[in-house]
K.L.:
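Okay, here's the structure, questions in a sec.
Note that the structure is predicted; figures quoted are calculated from it, not measured. Start at 1 and go down the list; that is how both ligands and their atoms are numbered. In this chain, residues are counted from 1 in sequence order. Both backbone and side-chain heavy atoms feed into the values below; hydrogens, waters and symmetry mates do not.
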Amino acid sequence: MRIFITGMPGVGKTTLTLKIAEKLKDLGYKVGGFVTKEVREDGRRVGFKIITLDTNEETILAYVGDGKIKVGKYVVFIENLDKVGVEAIKRALEDADIVIIDELGAMEFKSKKFSEVVDEVINSNKPLLATLHRNWVNKFKDKGELYTLTIENRDKLFEEILNKILAELK
Ligand SMILES: Nc1nc2c(ncn2[C@@H]2O[C@H](COP(=O)(O)OP(=O)(O)OP(=O)(O)O)[C@@H](O)[C@H]2O)c(=O)[nH]1
């Protein structure tokens, strides 16, 4: 089972993914991988951090400023993604009931190790729940079930996706 959630920026992809992760943990399932949250300073978005779902470790993924690898106005810290995010996915492949990756997008795919571990997950039988930046829909839409989140359907989709995962994990 592979589920991909896409949608416009700010529609609630991370929030829905976290709600599903918490519910699965409450039901006793082992959840692994990571989610991405924005970093804000004085009310302004200045970057993104990743938080691992099994160990709650945090690291900065990207921050406004100049540097070797950039996406938009953000410099991307590949070494942080590889050390924390990729390792969390590898642990999840080994011993979680489901791998969660938020998100599959331009920043993350700057990392070769990230691309490789995503391929490993896709080619495994491990259940996957991933959020998908809208620019990456074509690359992944044929590799699982694609849901497009909107403000109107996000509550209904939470129930539908959670039930689909529970049916698979039972
Ligand atoms: N009331 C309400 N607010 C929500 C819901 N889902 C998300 N939000 C709010 O909408 C804002 C964006 O939520 P995210 O989950 O970060 O949205 P996202 O699609 O992951 O955003 P990007 O990854 O930056 O594109 C946050 O302030 C959330 O608190 C929801 O179901 N209900």
Side-chain angles (χ1 to χ4, degrees), residues 2-27 31-54 56-65 67 69-78 80-82 84-86 88-89 92 96 98-111 114-115 117-118 121-122 127-141 143-166:
R2 287 186 287 273
I3 293 176
F4 298 103
I5 300 174
T6 192
M8 293 310 285
V11 75
K13 300 182 291 297
T14 299
T15 302
L16 183 139
T17 303
L18 267 174
K19 274 170 62 179
I20 287 180
E22 291 315 314
K23 186 71 181 164
L24 291 173
K25 284 180 184 176
D26 291 348
L27 293 171
V31 173
F34 66 83
V35 292
T36 305
K37 285 190 173 178
E38 59 182 19
V39 176
R40 300 180 81 87
E41 278 168 11
D42 305 328
R44 247 173 3 101
R45 183 192 286 196
V46 292
F48 296 88
K49 64 182 176 182
I50 58 179
I51 305 153
T52 62
L53 290 166
D54 59 343
N56 235 9
E57 186 181 0
E58 293 190 7
T59 189
I60 291 290
L61 169 65
Y63 206 83
V64 286
I69 300 173
K70 290 198 73 174
V71 172
K73 65 182 180 183
Y74 302 101
V75 57
V76 183
F77 300 109
I78 300 296
N80 289 354
L81 172 61
D82 291 351
V84 178
V86 171
I89 297 173
I98 183 168
V99 182
I100 293 184
I101 304 174
D102 166 46
E103 76 180 24
L104 300 174
M107 290 184 182
E108 292 81 2
F109 283 113
K110 290 289 185 189
S111 156
F114 180 81
S115 304
V117 80
V118 168
V121 173
I122 298 277
L128 168 66
L129 170 63
T131 63
L132 197 47
H133 188 283
R134 61 197 181 290
N135 295 346
W136 293 77
V137 167
N138 286 337
K139 179 171 164 69
F140 287 96
K141 68 180 188 312
K143 298 189 186 309
E145 288 173 85
L146 178 70
Y147 292 87
T148 301
L149 213 55
T150 64
I151 289 184
E152 295 73 26
N153 72 12
R154 63 191 179 188
D155 292 337
K156 182 173 72 66
L157 280 192
F158 166 73
E159 294 298 332
E160 188 175 325
I161 293 170
L162 177 64
N163 291 333
K164 199 171 278 281
I165 292 171
L166 290 174

K.L.:
Could you check atom 23 (O) of ligand 1 against the protein and tell me its nearest heavy-atom contact, residue, atom and distance included?
P.N.:
E103 OE1, 3.9 Å
K.L.:
Is there a polar contact between ligand 1 and P9, counting only N or O atoms under 3.5 Å apart?
P.N.:
no
K.L.:
Counting both backbone and side chain atoms, is some N or O of T14 under 3.5 Å from an N or O of ligand 1?
P.N.:
yes
K.L.:
With a 3.5 Å cut-off and no angle check, do the side chains of D82 and S111 form a donor-acceptor pair?
P.N.:
yes
K.L.:
Counting non-hydrogen protein atoms only, what is the nearest one to atom 17 (O) of ligand 1? Give residue, atom name and distance.
P.N.:
G12 N, 3.0 Å
K.L.:
Please tell me whether F4 and Y147 form a close aromatic pair, meaning their ring centres lie under 6.0 Å apart.
P.N.:
no
K.L.:
Can you confirm whether something in the protein, heavy atoms only, sits under 4.0 Å from atom 26 (C) of ligand 1?
P.N.:
no
K.L.:
What do we get for K13 next to ligand 1 when only non-hydrogen atoms under 4.0 Å count, side chain, backbone, both or neither?
P.N.:
both
K.L.:
Using a 4.0 Å cut-off to any heavy atom of T15, which atoms of ligand 1 qualify?
P.N.:
6 (N), 7 (C), 13 (O), 14 (P), 15 (O), 28 (C)
K.L.:
Starting from atom 12 (C) of ligand 1, what is the nearest protein heavy atom, named by residue and atom, and what distance separates them?
P.N.:
G10 O, 3.4 Å
K.L.:
Does ligand 1 come near enough to V11 that some N or O of the ligand is less than 3.5 Å from an N or O of the residue?
P.N.:
yes
K.L.:
Applying the side-chain contact (heavy atoms from CB on, under 4.5 Å) test to F34, which of I101, I51, D102 qualifies?
P.N.:
I101
K.L.:
Looking at every non-hydrogen atom in both residues, tell me the closest pair between L16 and R154 and how far apart they are.
P.N.:
CD1-O, 3.5 Å
K.L.:
Output yes when a side-chain donor or acceptor of K73 lies under 3.5 Å from a complementary backbone atom of V46, and no otherwise.
P.N.:
no
K.L.:
Check the orientation of F109 and F140. Use parallel for under 30°, tilted for 30 to 60°, and perpendicular for over 60°.
P.N.:
parallel
K.L.:
Side chain, backbone, both or neither: which part of R45 has a heavy atom under 4.0 Å from ligand 1?
P.N.:
side chain
K.L.:
May I ask you to identify the nearest protein heavy atom to atom 3 (N) of ligand 1, giving residue, atom name and distance to one decimal place in Å?
P.N.:
R154 NH2, 3.5 Å
K.L.:
What is the minimum heavy-atom distance between I78 and K110, and which atoms define it?
P.N.:
CD1-CB, 3.4 Å
K.L.:
Would you say atom 31 (O) of ligand 1 touches the protein, meaning some protein heavy atom is under 4.0 Å from it?
P.N.:
yes
K.L.:
Find the distance between OG1 (T131) and CH2 (W136) and round it off to the nearest 0.5 Å.
P.N.:
13.0 Å
